[in-house]
Amino acid sequence: MNRETLLAQAGARRDVFGAVSMPIYQTATFAHPALGQSTGYDYSRSGNPTRTALEETLAQLDGGARACTFASGLAAIDAILRLFQTGDEIIVTEDLYGGTFRLFEKIYRQIGITAIYVDTSDTAAVAAALTKNVKAIFVELPTNPLLKVADLTALAALARDRQALLIVDNTFLTPALLRPIEHGADLVVYSGTKYLSGHNDIIAGAVVAKTAELGERLYFYQNAAGAILAPLEAWLFLRGLKTLALRVERAERNALAVAKMLARHPRVKKVHYAGLPTDAGYERLKKQASGAGAMAAFSVDDPALVPAILANVKVFIFAESLGGVESLITFPAVQTHAEIAPEIRERLGITDRLLRISVGIENVHDLVADLESAINN
Ligand SMILES: *Cc1c(COP(=O)(O)O)cnc(C)c1O
């Protein structure tokens, strides 16, 4: 089955009574048919049919052996990091989601699991950073907020040589546009809060494992530590997934139009969007993904313009997060990336002139006109 079909029918054909919409099994526990027997479900931390429907759909979409869903994207990343031990090092994309940076720096560094930050769009820089203790390469593609594009096939080869895992945070592109396992990734992680569920109404996370062995280890941790996705959230996630292909297609078309306007605007100094042929990541992304998605960033010529834009927008909503049907605008230096030290932010280019946009599915003319007039005012 093609992805669009899998998505549209997410959760269908599973219910014993034929419910087309997978029911919400809002139950904590399940009766045992007899001593020593189980329906397959015993207790909802260990497993719940609504969550299973979602997890099997996600595993299928990415071509993985198994998926586990969690209460948030960060809980999903935390489950992955539990695979490592004191003394291990992990090469990590240098401009990445601020919450992931905080998890590495404030939780895992203390227990001796060390992140080495590298520009993962520079394969040679990754190769140079590979010490004998490196057990994984953790990549965001495209990066957040600068939208740089890594070469997954090359990174997978480097990881394989060292028997290290390649982990891809595919929150921005989703399996609708990129399936990292096909390019050699071992684990794919998502904030399901974003495009996958797509309506800015739940917090959720997921990990897809390429092998059953890795899937089993993640499942063990999911059950043992318990940061599971609840049945209602799993249902909302499934319901959002059904329209993923349509939403991503429309949002990407809108994003390209907005990016073109920004690229022409005299007060915009740089646009970061791999869907523009002039972008550094354009050719490389085209080889790996079927689209550039709908996340973009741009820097303006004067920091004083930033608060004015945030105050002037009427269609874009000034809010953190991304990947929903509504277009959002964020100021990374003070919002999503506030956890990163100012000197590192400055070196990376996450400056006081940089704004990030998540383009939604609204009317394209409304979006282009809104941002253009907010910059002009
Ligand atoms: C939002 C986000 C996360 C964290 O997910 P939560 O659901 O907020 O916990 C991780 N990675 C990326 C790229 C994100 O955008």
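Heavy atoms only: backbone and side chains are in, while hydrogens, waters and symmetry mates are out. We count residues from 1, following the sequence as given. All ligand and atom numbering here is 1-based and tracks the order in the structure.
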Counting only nitrogen or oxygen atoms and a 3.5 angstrom limit, does [X] reach ligand 1?
{"X": "Asn144", "result": "no"}
{"X": "Leu74", "result": "yes"}
{"X": "Glu140", "result": "no"}

Side-chain ion pair, Asp301 and Arg267, N-O less than 4.0 Å: yes
Assess whether a salt bridge exists between Arg347 and Glu343, defined as any Lys/Arg side-chain N lying under 4.0 Å from an Asp/Glu carboxylate O. no
Distance, nearest 0.5 Å, that separates NZ of Lys194 from CG of Leu322: 4.5 Å
Where on [X] is there a heavy atom closer than 4.0 Å to ligand 1, on the side chain, on the backbone, on both, or on neither?
{"X": "Asp169", "answer": "side chain"}
{"X": "Ala204", "answer": "backbone"}
{"X": "Leu322", "answer": "side chain"}

Would you say Asp151 and His183 are linked by a side-chain donor-acceptor pair, where the criterion is simply a distance under 3.5 Å? no
Tell me which protein heavy atom sits closest to [atom], plus the residue, atom name and distance to 0.1 Å.
{"atom": "atom 15 (O) of ligand 1", "result": "Lys194 NZ, 2.7 Å"}
{"atom": "atom 8 (O) of ligand 1", "result": "Tyr97 OH, 3.8 Å"}
{"atom": "atom 6 (P) of ligand 1", "result": "Gly73 N, 3.4 Å"}

Could you give me the CA-CA distance, side-chain angles and deciding distance for Arg217 and Glu213, then say whether salt bridge (charged side-chain N to carboxylate O under 4.0 Å, His left out) is met? CA-CA 6 Å; Arg217 289 170 68 191; Glu213 189 266 328; 3.8 Å; yes
With side-chain contact (heavy atoms from CB on, under 4.5 Å) as the criterion, how do Leu348 and His337 come out once you've worked through the C-alpha distance, each side chain's angles and the decisive distance to 0.1 Å? CA-CA 11 Å; Leu348 298 179; His337 291 69; over 6 Å; no
More than 12 heavy atoms of other groups within 6.0 Å of Arg250 CZ: yes
Which atoms of ligand 1 have any heavy atom of Thr171 under 4.0 Å away? 12 (C), 13 (C), 15 (O)
